[in-house]
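Here the structure is a predicted model, which means the values were calculated and not measured.
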Amino acid sequence: MSTCENTGSGSINQVRYGCALGAFNSVVAIPGAMPIAHCGPGCVDKQYMSLDFYNGFQGGGRSGGAVIPSTNLQEEDVVFGGAKRLHELIEATLKIIKADLFVVLNGCIGELVGDDVGSVVEQFQKQGVPIVNAETGGFKGNNFIGHEIVVKAIIDQFVDKYAAKNVKRQKGLINVWSELPFQNTFWRGDFNELKRILEGAGFQVNILFGNGSGGVEEWKHIPEAQFNLVASPWLGLSIAQHLNDKYGQPYLHLPVLPIGAGQTAEFLHKVVEFAGIDSKQADEFITAEEKEYYYYLEHFTDFYAEYWWGLPSSYAVVGDSTYNLALNKFLVTQLGLLPVKQIITQTSQL
């Protein structure tokens, strides 16, 4: 969390996260899914502008930004309750928007006045509508916390309907839980690359978020995975633990997102070892990837070695916990630089 130093104010400066409602981005990141917000006017817009618009202008696409249906609760809804208004919004949304899954995110007002959003959503669930309810009041934490609330809601209210009593596991199939969608401007590329290297090592991958995902249909196969892979310092860990409790599905926690050949090889070897599969394909893939990687690194080191006197040997990293760990390990082990200061721009809880 970034703070104002030497001012004595202790105030938060340039906050880089939103409230739990900002987890509508986690829904937007699932191809074929549509968020529905039960909150006050402006709530969705403020979250979208700070998390998407001013963060690389990532766009809203077919299910984000200005497209998101919202009840925009008014004073009378606070007094008399907004459940009826939500029911009308869901009915209208189903007529206008086509989606494979709808996720209702309950904001601060709905939670504070006690709107029974779960009951409203249940009426549509009984009609066969693929819809779930997530209690994401902003006071529950930031959008990282909201992300885990939303994911668990989808698992419990939607995915679980497709899970057989005796789930048949597919050896080599992995569910990947990593970065928070939209938080890092380049999250799409990271998810695609994680999927690419894991498939290169011989695995099938439920990447779950981003354009490399199979969308809502892919989520239905979560219980069939051999195990869950958590590739982040802490985000997604409680989800993996939840799946372990629900389906007895084991998980592997690798806190450092791999950057560079050394970290990527180490990462893949650990996944292969945990899965208990033949390492031949992974070894051949790593060898081929390293050949290309070190070709480019070799030509970079010509410049780096020649002009070392004009380049700093120490550095600082400002970023979220995932990238702090990943960049530090790369800069130290691959380039031999000296870490001086690391500033974490996000916290696990508020």
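With sequence neighbours left out, the side chain to side chain donor-acceptor pair (under 3.5 Å) criterion links Gln47 to no other residue. Applying the side chain to side chain donor-acceptor pair (under 3.5 Å) criterion to Tyr294, with sequence neighbours excluded, gives no partner residue. Listed by chain and residue number, nothing satisfies the side chain to side chain donor-acceptor pair (under 3.5 Å) test with Lys195 (two or more places apart in sequence, or in another chain).
Aromatic ring pairs are classed by plane angle as parallel below 30°, tilted from 30° to 60° and perpendicular above 60°; the pair His87 and Phe124 is tilted. In this pair, Phe303 and Phe300 present their aromatic rings tilted. The plane angle is within the 30 to 60° band. Classified by interplanar angle (parallel below 30°, tilted 30° to 60°, perpendicular above 60°), the ring pair Phe209/His147 is tilted. Note on ring orientation: taking the six-membered ring where Trp is involved, the planes of His299 and Tyr295 are tilted (angle from 30° to 60°).
Between the side chain of Gln249 and the backbone N or O of Asn228, no donor-acceptor pair lies under 3.5 Å. Between the side chain of Gln74 and the backbone N or O of Asn72 there is at least one donor-acceptor pair closer than 3.5 Å.
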message = With side chain to side chain contact (heavy atoms under 4.5 Å, CB included) as the criterion, how do His269 and Ile286 come out once you've worked through the C-alpha distance, each side chain's angles and the decisive distance to 0.1 Å?
response = CA-CA 9 Å; His269 282 140; Ile286 290 170; 3.6 Å; yes
message = Apply side chain to side chain contact (heavy atoms under 4.5 Å, CB included) to residues Met34 and Val67 and explain how you reach the verdict.
response = CA-CA 9 Å; Met34 170 64 67; Val67 180; 4.1 Å; yes
Verdict with supporting geometry, Gln342 and Asn324, side-chain hydrogen bond (donor to acceptor under 3.5 Å, both in side chains) = CA-CA 7 Å; Gln342 288 73 50; Asn324 245 280; 5.5 Å; no
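Arg188 forms a cation-pi arrangement with Phe182, by the criterion of a distance under 6.0 Å to the ring centre and an angle within 45° of the ring axis.
A salt bridge does not link Glu273 with Lys270: every distance from a Lys NZ or Arg NE/NH1/NH2 to an Asp or Glu carboxylate oxygen is 4.0 Å or more.
Side-chain contact annotation: Asn25 with Asp52, donor-acceptor N/O pair under 3.5 Å present. His38 and Asn133 share no side-chain donor-acceptor pair at under 3.5 Å.
To the nearest 0.5 Å, atoms CD1 (Ile36) and OG (Ser63) are separated by 11.5 Å. Atom CG of Asn206 sits about 13.0 Å away from atom NZ of Lys220, to the nearest 0.5 Å.
Nearest heavy-atom pair, Gly210 versus Pro31, reported as atom, atom and distance to 0.1 Å: O-CG, 3.4 Å.
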